[in-house]
Amino acid sequence: MDSGGGDEDWEWNETERYESQYNEKFENAAHSLSKETEPSSQLALLIELCGVLPFCSEDTVFHSLDLLSPVLVEHAKNESNPDIMLFSLRAITFVCDLHPPAAQFFLQHDFVPTLCQRLFAIEYVDVAEQAGAVMAVLTHIDFFSTDVKRVALSTMVNLCKKLTSESLSSFMEAAPILCNLLGYEDHQLVENACNCLIKIVDSVYQSSELLDELCKHGLIQHVTLLLSSNGQTTLSEPTYYGLIGLLVKLSSGSFVAFRKLYELNISSTLRDILSTFELTNGVSMSQQMGGNCCWVYEVLKLLNELLPDRTKDQNDQLVVDKESFLDNHSDLLQRLGIDVFPMLIKMFNCSASLYVWHGCLSVMYKIVRLSKSGMHDELLKNVNIASFLAGVFTQKDQHMLMLALQIAEIIIQKFSDDFLMLFLKEGVYFAIDSLLKPEKRTTKLMYPVNCGIQPDFSQKSSSRQAIKCLCYAFSSGQSSTSSEVRKCKLDEYSAFDLAEHIKTTYFVRELFHSQTDALQNLTALSNDLLSMSTDNCALSVHEEKTKSILYQIMGKITGKEQVSTFEFIESGVLKSLADYLSQGRYMRNNNMGIHDVCKDNAVIEKRFETLASVCLFASQPFSCEKTLSLLIRNLHTALSSLETFPVIPSTGLKMRGSYVTVPKGRPVPYPSLYVNFVKAEGEKFRNDYFSGVGIIYTVDPFSSLQSIEGFLWPKLSSESIGYDGSSSILAPESPPPQSPLSSSTVPVEIPTDMMTDPPETQDYAEELQMNVGSSPEQENCDSATCSNEATQKLVFYYEGQRMDHKSTLYQEILRHALGQNDPLSSIKLWSKSHKITFRRAVENEDIIPPQCHSSPQDSSDDKVLAYYERTPFFSDLLSDELVPDLEKPSPTYDILFLLKSLENMNRIILHLMSRERIYAFAKGKVGDLDSLKIKVPCIPQNEFVSTKLTEKLEQQMRDPLTVSIGAMPSWCNQLMASCPFLFGFETRCKYFKLEALNQSQAQPGWSHNRSGSTSDMRVSQGELPRKRFSVHRNRILKSAAKMMELHANNKSVLVVDYYGEVGSGLGPTLEFYTLACHEFQKPGLGMWREEGNLQGEETRIRSFHGLFPRPWLRDTSGGIHFSEVEKKFFLLGQVVGKALHDGRILDFHFSNAFYKLILGKELSLYDIRSFDPELYVVLQEFQALVLRKKYMGSINEGNSDRLSFRDQRFEDLCLDFTLPGYPDIVLASGTDHSMVNIRNLEDYVSLIVDATVKSGISRQVKAFESGFNQVFSIEHIRIFNEEELERMFCGESDSWAINDLEQHIIFHHGYTASSPPIVNFLEILREFDHEQKRAFLQFVTGAPRLPPGGLASLTPMLTIVRKHCDHADTDLPSVMTCVNYLKLPPYSSKVTITHWK
């Protein structure tokens, strides 16, 4: 129960009282108006009606409609008194706004003819403004104000939605006016005019005459200008890409439009549009545009229409005319090819849709076919067509193979000499020859289950099944919404026959046994590296030779003549590098003893140091940064050409309901699976329930194996269960966490009434929402408990393969079918009985301890140079499989391992190089402690993002049914868990929302602004219910504790108000979280390390390098009990988790090291640098001296006990065994640990590191995690890195860019961007320093920080309006923080605004 109920009741009673007064006034005025005959009194009553209507209740208005509607319509006809006519229409407008069904009452009294008559007469402009519901207003639209024009165009849009063939002529008459409106500057006018013309063209696109007529009005010129980057009007994404569809239909049916598009250089505009499909900052523009791929499909359709194919349409005169035009204007065709050909290749590589791939290839084929011989040199000089074709030949779809082979044949025919060696180098010959292998010929090439999804048609459900065959996907003149399904034009072996023809006609036999020099050299180097990778004793002996080989390999990869993708894969360098970095362990079973693991880790760490050194300090001709970047780029190119992770659409899922008994008896709006559960041979349980042939159940296909185990285990473990022919209710003993479990009625055989499918589910979406939503067990599950997996009791097998316990049954069966290359027809999947065997789970016996200090004992000098402070990442790198479903060994697996290794290496590269420098000092190679300070460049994180995999996951998440029912392919979860860096940040944000918050619809909750960027990368709370909570402003933390105690695990969004204050909503809620953050940062709490004393009016501890937990080794310190500190960290975890859940911004500056702890990563000495660089420098130098002493002792070089620290004896430093900065924390005691000297220096460093980043802060971190888990499992946020987590928690550190202000602020109600007060105000905002920006944001939004994405992501957008006041220069601005609304007085000068600043 919420606190503050009394205040809420008072506010509710006041609101009810005011509403009752307005209702009474309305009823009195309505009754008086029906009887009044005097015009002046009628006008007064109408004015009163217009004044009270906005405040009346809907019920009151509804009950008065019979009386009021005829009176208002009659007064609207009063031509003799324009005022009465105006206010009558205004009252009608208010009534319809308040109660939309009221329009039917007015229509019954002939209201529409009245409006039409008034509009044509135009006796009163404001009448037209109120009534603007008829197309007639277009005739005189230039005489109206902008607001009236907007109303008129909005009305036109509504009329066009119901456009019929009978009314087509009147709309065609309006076309010239609409075309002229496209040139206006007002955004809303242009938007509505575009939508009208789009609807008109949709209605006439089958008539060439009408299309030609539309083109005469300048439609093509206006549309191409709007689409170009030079267009001044910014359109919404649906309208923008609707205009592309308009051009598709015009060019399809009109030769005039076709010719005009070429003359207007449409290729340049299309090139700019296609360029947005590239990866930018880790996210493709298709994601930023709302995740709708329909625009790509429309662009490709337009390109196909601009390239006629006479071979397919020989009898079509329009096609003949188009091709003749291109024959006579080859320069226009060449310009189109040069503009779009490179972009098509890039888009093909970025996309994951079969239709996008086919569309790109179709356009490329037409360009190559239509181009004349002299044009190909210019066309292909800037693209590597051979490498592209080699990648396409790895696909399985015949349509794509056929187009790629046709392109290859044309190129070979015309340029055999030029492309001979290039085809050999890029593996084209090898790929074509591979297509002819017997296993390829027997492959069933199927509709896109394993390679893409259908284009995202937006409106009707029938369109989703429109195009079943790619032969008709881009056919000229075909509508994308056609329901006709045609037979494929290709024979079963068409592609293979063409491949055979190309091989026998154009290829020389010797080519298939040839290798380029680059491939031979790279293969030899790869073999040399592989031979050394398995030699454990070669760490020091062959270190220089190994480094030389790595230099040569990198030289080949990044040299001037770069290695092709085919050579990169075929040379074996992928496997050699993976084996080298992992000591061969990444493909080895993890059944190793502890000693072997520790020994391998030492070798592996040294090898990563070597690779890092090669990549960073490589000699010319390749620079230090370019080496690693190009290696990553080569790996991504190879991954794109090899990976076959499926995008599985829900189109194959029949929309029929069923009844399931496992894991919970209930009806579901989708089909169930018949499963025969059979006990594995030799297995014994307490209950012999599943003996013999097993028992068949109807199972929810989207239930996890965990939930199925929860259903079966009580039956197996109980002694009294038996089947007596009736149902029995059985409750699982302990349901696994986060599984849809409850007690259920369990039949042991399928009842006859369940063998037939129930009727089709009508309200499918609602039913799905109801049945697939979170179960009561999920809602009541303690998040802290749910975050830890229950002990697995059963292991399941399907067709002899072990099933993943965390996957759904559907995912596992689908994974098996894809692995067997089974087309998996719907009938087979849903009709057959799937046999699943089970046995007891056996716990792993060989568990490697989390801490294993490396000790390379098998190398000479390195024996004594033990890796004292190991990098924890290496012990975890090889512990889990990357993608269990992926075939091993395989080049794809090698690539994924290398990318993961390099990404981790890039993140800790400073640690690696620092440690390498320490050991160089220890061996005497570096003699000065100052040389330990180094700077190492890092590769930008977005270089590790896979464009193709990101787009695949985006497409999968855009399928609402698949997402809702949990039927995403298993690779999505597996790759996200093992290699999250492969996906863009925004994509991971969406995935996080689905996984962590169980919100099934990813797309609607992510809003997008007009610029196309993601406008809210945080969790959207639009779909979640809200709960109000009252807090005390002077007791923030106590209020927060009470709030979290009641609502931490509640899925509602919390909305805050303050006792004794008016107002609640977004602004006060953000302010509350900001105040809570400040309370956590007050000095004296014992939570954080403090950097210096507070100065002046400072109320928060100073943390220049970010907050990090204060070490605690005792239960009491300085009068503070550790139990209180632990409680505060627990509360902090709750607050952070709830803020992230609700989409609120926090005002913290956590250190990078603390974020690593939140992410579950282990810290080492090198992480101290991020929060206490001075302490780190000292410890690093001490550590170097420790290793120097050990090395000198091992080779008997002088007296190592006489080592000094910067020419001073350690005894003279007077250091005792207390923690620096915390004299009350004693690290060790005893005679050997009273004062620090060279003999106990190692112990001193070790104890400081342990107290600072390990045992001294472990309890605080555990408390934080426990609090966070109260909201949702902290595991869900571990797909982000430290920098991204900072953005998720605290938004943007930089408030705004100078150029962002005009683009992301709305100026309204008296202001425009050019208004003098606005110009002055924006100049002042640009001059703000960091603290002034924070104060401004706090004032306007309630939080001193912006959400991820900056001003563009502020929702609602920041709006500045004119504040009307008598004395502007003496008045202050005011705000509405709930809607980011600033009311700015019209100040006379910049000086006046600065005065109030």
Side-chain angles (χ1 to χ4, degrees), residues 1031-1045 1058 1071-1139 1146-1155 1157-1158 1168 1170-1175 1218-1227 1248 1251-1268 1289-1290 1331 1334 1338 1344-1345:
V1031 301
H1032 293 274
R1033 185 177 288 275
N1034 58 348
R1035 298 199 299 269
I1036 290 294
L1037 284 190
K1038 287 185 178 180
S1039 297
K1042 187 64 176 178
M1043 175 193 292
M1044 296 303 150
E1045 178 186 347
Y1058 298 91
E1071 183 189 16
F1072 163 75
Y1073 279 102
T1074 299
L1075 294 175
C1077 294
H1078 295 175
E1079 288 292 318
F1080 279 117
Q1081 298 174 69
K1082 283 189 174 180
L1085 297 179
M1087 294 182 67
W1088 312 107
R1089 300 174 68 93
E1090 300 184 18
E1091 303 175 14
N1093 299 320
L1094 299 183
Q1095 297 180 359
E1097 299 179 356
E1098 291 181 333
T1099 58
R1100 289 181 283 163
I1101 63 174
R1102 308 176 77 186
S1103 55
F1104 301 110
H1105 303 286
L1107 297 170
F1108 190 81
R1110 174 197 188 276
W1112 279 84
L1113 296 179
R1114 300 189 305 167
D1115 291 337
T1116 306
S1117 177
I1120 303 174
H1121 293 279
F1122 178 73
S1123 60
E1124 294 299 317
V1125 175
E1126 204 168 19
K1127 289 178 182 178
K1128 285 186 173 60
F1129 270 102
F1130 181 82
L1131 176 60
L1132 175 64
Q1134 290 178 310
V1135 170
V1136 171
K1138 192 61 180 174
L1146 297 173
D1147 190 25
F1148 281 119
H1149 176 38
F1150 293 131
S1151 64
N1152 190 70
F1154 186 60
Y1155 281 117
L1157 291 171
I1158 294 174
I1168 298 176
S1170 72
F1171 60 86
D1172 195 339
E1174 293 81 7
L1175 177 62
T1218 59
L1219 188 63
Y1222 303 91
D1224 60 331
I1225 299 180
V1226 179
L1227 300 173
I1248 290 178
T1252 304
V1253 297
K1254 295 185 179 179
S1255 64
I1257 49 98
S1258 60
R1259 291 181 293 173
Q1260 298 94 300
V1261 175
K1262 186 176 180 181
F1264 177 91
E1265 291 180 348
S1266 298
F1268 194 102
F1289 287 175
C1290 306
E1331 288 303 318
R1334 283 175 53 86
Q1338 179 78 54
R1345 292 176 177 234

J.: Show the nearest heavy-atom pair for residues Leu1227 and Leu1219, with the distance to one decimal.
T.: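 The answer is CG-N, 3.9 Å.
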
J.: Please verify the inter-ring angle class for Tyr1155 with Phe1289; under 30° counts as parallel, over 60° as perpendicular, anything in between as tilted.
T.: tilted

J.: Going by atom type alone, with no hydrogens or angles, which donor-acceptor pairs under 3.5 Å involve a side-chain atom of residues 1131-1138 and a protein atom two or more places apart or on another chain?
T.:
residue: Lys1138; atom: NZ; partner: Asn1050; partner atom: O; Å: 2.6
residue: Lys1138; atom: NZ; partner: Ser1052; partner atom: O; Å: 2.9

J.: Can you tell me how far CD1 of Ile1036 sits from CG of Leu1075, rounded to the nearest 0.5 angstrom?
T.: 5.0 Å

J.: OH/Tyr1222 to CD1/Ile1248 distance, rounded to the nearest 0.5 angstrom?
T.: 12.5 Å

J.: Please report the closest heavy-atom contact between Ala1139 and Leu1146, naming both atoms and the distance.
T.: CB-CD2, 3.7 Å

J.: State, to 0.1 Å, how close Cys1290 and Arg1345 come at their nearest heavy-atom pair, and which atoms those are.
T.: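 Shortest heavy-atom contact: O-CD, 2.9 Å.
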
J.: With Arg1114 as the cation and Trp1112 as the aromatic partner, state whether NZ or CZ is under 6.0 Å from the six-membered ring centre and within 45° of the axis.
T.: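 Not flagged: Arg1114 not positioned over aromatic ring of Trp1112.
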
J.: Compare every heavy atom of Pro1111 with every heavy atom of Ala1251, then report the nearest pair and how far apart it is.
T.: O-CB, 3.3 Å

J.: With distance as the sole test, does Ser1151 use its side chain to make a donor-acceptor pair with the main-chain N or O of Leu1107 at under 3.5 Å?
T.: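 It does hold such a pair.
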
J.: Before accepting this row, confirm whether a basic side-chain N of the pair Glu1265/Lys1262 lies closer than 4.0 Å to the acidic partner's carboxylate O.
T.: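 Result for this pair is no, no salt bridge flagged.
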
J.: Of all the heavy-atom pairs spanning Leu1113 and Gly1256, show the shortest one and how long it is.
T.: CD2-CA, 3.8 Å

J.: Just do the side-chain contact (heavy atoms from CB on, under 4.5 Å) check on Phe1080 and Leu1037 with the steps written out, would you?
T.: CA-CA 8 Å; Phe1080 279 117; Leu1037 284 190; 3.8 Å; yes

J.: Between CG of Leu1157 and CZ of Phe1264, what distance do you get to the nearest 0.5 Å?
T.: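 Separation between the atoms: 10.0 Å.
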
J.: What is the ring orientation for Phe1150 with Trp1088, classed by angle as parallel under 30°, tilted 30 to 60°, or perpendicular over 60°?
T.: tilted

J.: Any side-chain heavy atom of His1105 within less than 4.5 Å of one from Ser1170?
T.: no

J.: For Ser1258, check side-chain contact (heavy atoms from CB on, under 4.5 Å) against everything at least two apart and list the hits.
T.: none

J.: Kindly write out the residues that satisfy side-chain contact (heavy atoms from CB on, under 4.5 Å) with Arg1035, not counting sequence neighbours, or none if the list is empty.
T.: His1032, Lys1038

J.: What distance separates Lys1042 NZ from Ser1039 OG, expressed to the nearest 0.5 Å?
T.: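 Reported to 0.5 Å precision, the distance equals 10.5 Å.
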
J.: Without hydrogens or angle criteria, can the side chains of Thr1074 and Asp1147 be said to hold a donor-acceptor pair below 3.5 Å?
T.: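 Result is no, nothing qualifies.
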
J.: Kindly confirm or rule out a cation-pi arrangement of Arg1033 over Tyr1058, judged by NZ or CZ under 6.0 Å from the six-membered ring centre and within 45° of its axis?
T.: yes

J.: Could you walk me through whether Phe1129 and Arg1259 satisfy the side-chain contact (heavy atoms from CB on, under 4.5 Å) test, starting with their C-alpha distance in whole Å, then the side-chain angles of each, then the deciding distance to 0.1 Å, before giving a yes or no?
T.: CA-CA 9 Å; Phe1129 270 102; Arg1259 291 181 293 173; over 6 Å; no

J.: Suppose we call two aromatic rings close when their centres sit under 6.0 Å apart. Are Phe1104 and Phe1171 close by that rule?
T.: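 No, they do not, as the ring centres are separated by 6.0 Å or more.
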
J.: Got a second to check how far Met1087's CE is from Ile1101's CD1, nearest 0.5 Å?
T.: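 Met1087 atom CE to Ile1101 atom CD1 measures 8.5 Å (nearest 0.5 Å).
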
J.: So do the side chains of Val1253 and Ile1168 get within less than 4.5 Å of each other, counting heavy atoms only?
T.: yes

J.: Would you check if the side chain of Glu1124 reaches a backbone N or O of Ile1120 as a donor-acceptor pair within less than 3.5 Å?
T.: no

J.: CZ/Arg1100 to CD/Glu1090 distance, rounded to the nearest 0.5 angstrom?
T.: 13.5 Å

J.: Is any side-chain heavy atom of Lys1128 closer than 4.5 Å to a side-chain heavy atom of Gln1260?
T.: no

J.: Going by heavy atoms in the side chains, are Pro1220 and Leu1175 under 4.5 Å from each other?
T.: yes

J.: What verdict does the side-chain hydrogen bond (donor to acceptor under 3.5 Å, both in side chains) test give for Arg1110 and Ser1117, after you've listed the backbone C-alpha separation in whole Å, the side-chain angles of each residue and the deciding distance to 0.1 Å?
T.: CA-CA 11 Å; Arg1110 174 197 188 276; Ser1117 177; 3.0 Å; yes

